Amino acid sequence: MDLPGMWQHFSLMASELSEDLFEEGCGFDGSSIRGFQAINESDMLLFPDPTTALIDPVCKVPTLSITCNIKDPITLESYTRDVRYIAQKAEAYLQSTGIADTSFWGPEAEFYLLNDIRYGQSPNSGFYHVDSVEGSWNSGREENPNLGYKPRSPSDTLQDLRSEICLKLIEAGIDVEVHHHEVGTAGQGEIDIRYGPLTDIGDKIALYKYIIKNMARENNLVATFMPKPLFQDNGSGMHVHQSLWKDGKNIFYDPQGYSLLSEDALYYIGGLLAHARSLCAIIAPTTNSYKRLVPGYEAPVNIAYSQRNRSACVRIPVYSKSEKAKRIEFRTPDPSCNPYLAFSALLMAGLDGIQNRIHPGDPLDKDLYDLEPEELADIESTPVSLGDALDALEEDHEYLLKGDVFTQDVLDVWIDYKRENEVDAVNIRPHPYEFFLYHDI
């Protein structure tokens, strides 16, 4: 996977799969992967991880799929910008602290299944167009537009396709818990997978997106994990449930604590909130992310925590009083993020909160969108743009460097890449709405 989060692949013939490949690796051009090597140091090695082997569930030709780790061909050391290696280091660092031995992650990655998506940019034009038979703008047509969150068919036209996707996910070894239509009118959906350890869930989110995109294509649809593909409708988030365990016990659980949370859980929340603005550069890492992170549409822009309240940045689910179910949910991430980097950064922020006993203050058990202006002024907000988030990361990143989990070169390349290829690239292009505002000024 490249640094921004796109899965890369190549195919070998079965006759080429040998023990030597696992021991000596396979060469590839690192300069062709975003965020990796310069042209004068491009040679890199891939080492297949046999624990990830599975029969690809979407290939027509029987294909064995194996995820690889990356090493330098000269030193044979693991590559610092290998995002999977960063996740593995985060898990090792957790164990080294003695705070816990395992972290569990349950991401809820939302997506849209569209009938049509077109876009273009040239010196004299720029446009995008999306369409869905479920779109509210098609209410005058026979398609019967969708009514939002969890409607039944025929309003939900994608029930069977989501079920088929679930079967493919299960075939690939991913435990699926539930699927449903989401609030977004134009085919927004969610498929929840069972929680698991950090690197393992990073692997499964990569596979999850791969399967959904391919199943959509097979059915003449387009799947997008863009955070905000539609104006004035709900964006796609990736709420991340997380908990820490030690010796088989959930250290977030305390039957006497607020919402059954332990002191360590509160400190963990304190770390997430203290570093929320810099975290956004990694967990909401696109310019489009900040079209989602605006007040309304259930987007958590206020840096606060609460039980049940979905308008808070951190929510503590109260569906169950069981120790096994006690967890916290960080609602700011979106599915455009690199899962290995996002989960690792969240873990490092939470651990920093525990290590430095950062208390999150009192919970806000009220609708944060309905606060009076003087109350709202006391609550910090998430960044308003990717540029602001990158500035925050530049100022606040020491917590990520602990244990060499993230290295300075990774953060420097990330910030430079995002500024040059995304922030600046969007800023210099005229926006279609600007013509509505200004063409006859």
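These numbers were taken from a predicted model, which means no experiment stands behind them. Computed from heavy atoms alone, side chains included, the values below leave out hydrogens, waters and symmetry copies.
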Check against side chain to side chain contact (heavy atoms under 4.5 Å, CB included), Tyr267 and Ile358 | CA-CA 5 Å; Tyr267 290 146; Ile358 303 174; 5.6 Å; no
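- In this structure, the side chain of Arg292 engages the main chain of Thr332 through a donor-acceptor pair within 3.5 Å.
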For Thr67 and Trp7, what are the C-alpha separation, side-chain angles and deciding distance, and is it a side chain to side chain contact (heavy atoms under 4.5 Å, CB included)?
-> CA-CA 10 Å; Thr67 303; Trp7 231 8; 4.1 Å; yes
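- In this structure the side chain of Lys418 never reaches within 4.5 angstrom of the side chain of Leu393, judged on heavy atoms.
- Counting non-hydrogen atoms of neighbouring residues, nucleotides and ligands closer than 6.0 angstrom, the CG atom of Asp409 exceeds 12 such neighbours.
- Atom NE2 of His439 has 12 or fewer heavy atoms from other residues, nucleotides or ligands within 6.0 Å.
- Under a cut-off of 6.0 angstrom, the local environment of CZ in Arg217 is sparse, with at most 12 non-hydrogen atoms contributed by other residues, nucleotides or ligands.
- No side-chain donor-acceptor contact under 3.5 Å links Asn288 to the backbone of Met226.
- Atom NZ of Lys326 and atom OG of Ser259 lie 4.0 Å apart (nearest 0.5 Å).
- Rounding to the nearest 0.5 Å gives a distance of 9.0 Å between NZ of Lys71 and CG of Leu45.
- Taking the six-membered ring where the residue is Trp, Phe111 and Tyr208 present perpendicular rings, their angle passing 60° and hence far from 30°.
- Note: Lys324 NZ to Ser243 OG = 12.5 Å, rounded to the nearest 0.5 Å.
- At distances below 3.5 Å, at least one donor-acceptor pair connects side-chain atoms of Gln188 with backbone N or O atoms of Gly235.
- Not counting sequence neighbours, the partners of Phe436 by the ring pair (Phe, Tyr, Trp, His ring centres under 6.0 Å) test are Tyr433.
- Thr97 and Gln355 form no side-chain donor-acceptor contact under 3.5 Å, judged by distance and modelled atom types alone.
- Put simply, CG on Leu114 and CG on Asp131 are 8.5 Å apart, with the number rounded to the nearest 0.5 Å.
- For the pair Glu110 (side chain) and Gly237 (backbone), a donor-acceptor distance under 3.5 Å is present.
- Between the side chains of Asp49 and Thr52, no donor N or O sits under 3.5 Å from an acceptor N or O.
- Counting only heavy atoms from C-beta outward, the side chains of Arg315 and His241 approach each other to under 4.5 Å.
- Counting heavy-atom neighbours within 6.0 Å of His9 NE2, excluding the residue itself, gives a total of 12 or less.
- A salt bridge links Lys402 with Asp352: at least one charged nitrogen is closer than 4.0 Å to a carboxylate oxygen.
- The OH atom of Tyr112 sits 9.0 Å away from atom CD of Glu182, with the distance rounded to the nearest 0.5 Å.
- The only option from Asn427, Asp424, Asp391 that meets the side-chain hydrogen bond (donor to acceptor under 3.5 Å, both in side chains) definition with Arg419 turns out to be Asp391.
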Go through the steps to decide whether Ser262 and Asp264 satisfy the test side-chain hydrogen bond (donor to acceptor under 3.5 Å, both in side chains), and finish with yes or no.
-> CA-CA 5 Å; Ser262 69; Asp264 277 345; 5.5 Å; no
For the pair Phe252 and Tyr268, evaluate ring pair (Phe, Tyr, Trp, His ring centres under 6.0 Å) and give the outcome as yes or no after the intermediate values.
-> CA-CA 9 Å; Phe252 278 8; Tyr268 188 97; 5.1 Å; yes
For Ile316 and Tyr305, run side chain to side chain contact (heavy atoms under 4.5 Å, CB included): C-alpha distance rounded to whole Å, both residues' side-chain angles, the deciding distance at 0.1 Å, then the answer.
-> CA-CA 8 Å; Ile316 300 99; Tyr305 77 105; 3.8 Å; yes
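- Between the Glu177 side chain and the Asp175 main chain, no donor and acceptor come within less than 3.5 Å of each other.
- More than 12 heavy atoms of other residues, nucleotides or ligands shown are found within 6.0 angstrom of CD on Glu23.
- The closest donor-acceptor contact from the side chain of Lys89 to the backbone of Asp404 lies under 3.5 Å.
- Side-chain contact between Glu134 and Leu113 is absent, with no heavy-atom pair separated by less than 4.5 Å.
- Proximity of the aromatic rings of Tyr399 and His275 is defined here by a centroid distance below 6.0 angstrom, and this criterion is met.
- Annotation: ring pair (Phe, Tyr, Trp, His ring centres under 6.0 Å) contacts of Tyr93 (sequence neighbours excluded): none.
- The closest donor-acceptor contact from the side chain of Glu190 to the backbone of Glu108 lies at 3.5 Å or more, if one exists at all.
- Residues His359 and Leu266 come closest through the heavy atom pair NE2-CD1, 4.0 Å.
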Sequence neighbours excluded and cut-off under 3.5 Å, please list the side-chain donor-acceptor pairs for residues 333-341, or say none.
{"from": "Asp334", "atom 1": "OD1", "to": "Ser336", "atom 2": "N", "distance (Å)": "2.8"}
{"from": "Asp334", "atom 1": "OD1", "to": "Ser336", "atom 2": "OG", "distance (Å)": "2.4"}
{"from": "Asp334", "atom 1": "OD2", "to": "Ser289", "atom 2": "OG", "distance (Å)": "2.7"}
{"from": "Asn338", "atom 1": "OD1", "to": "Tyr340", "atom 2": "N", "distance (Å)": "3.2"}
{"from": "Asn338", "atom 1": "ND2", "to": "Asp2", "atom 2": "O", "distance (Å)": "3.2"}
{"from": "Asn338", "atom 1": "ND2", "to": "Leu3", "atom 2": "O", "distance (Å)": "3.0"}
{"from": "Tyr340", "atom 1": "OH", "to": "Asp203", "atom 2": "N", "distance (Å)": "3.4"}
{"from": "Tyr340", "atom 1": "OH", "to": "Asp203", "atom 2": "OD1", "distance (Å)": "2.5"}

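- For the atom pair Leu346 CG and Ile282 CD1, the distance stands at 8.5 Å (nearest 0.5 Å).
- Panel note: side chain Lys204, backbone Ile174; no donor-acceptor pair is recorded below 3.5 Å.
- Annotation: side chain of Ile283 is not in contact with side chain of Val240 (no heavy-atom distance under 4.5 Å).
- Annotation: Tyr128, atom OH; neighbour count of heavy atoms from other residues, nucleotides and ligands within 6.0 Å does not exceed 12.
- Checking side-chain atoms of Gln242 against main-chain N and O of Leu347 turns up no donor-acceptor pair under 3.5 Å.
- The side-chain heavy atoms of Asn115 and Leu221, taken from C-beta on, include a pair separated by under 4.5 Å.
- With hydrogens and angles disregarded, no donor-acceptor distance shorter than 3.5 Å links the side chain of Arg118 to the backbone of His129.
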Passes side chain to side chain contact (heavy atoms under 4.5 Å, CB included), Ile205 versus Ile193? Steps please.
-> CA-CA 9 Å; Ile205 284 294; Ile193 64 176; 4.2 Å; yes
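- With a 6.0 Å radius and a threshold of 12 heavy atoms from other residues, nucleotides or ligands, Ile74 has its CD1 atom at or below the threshold.
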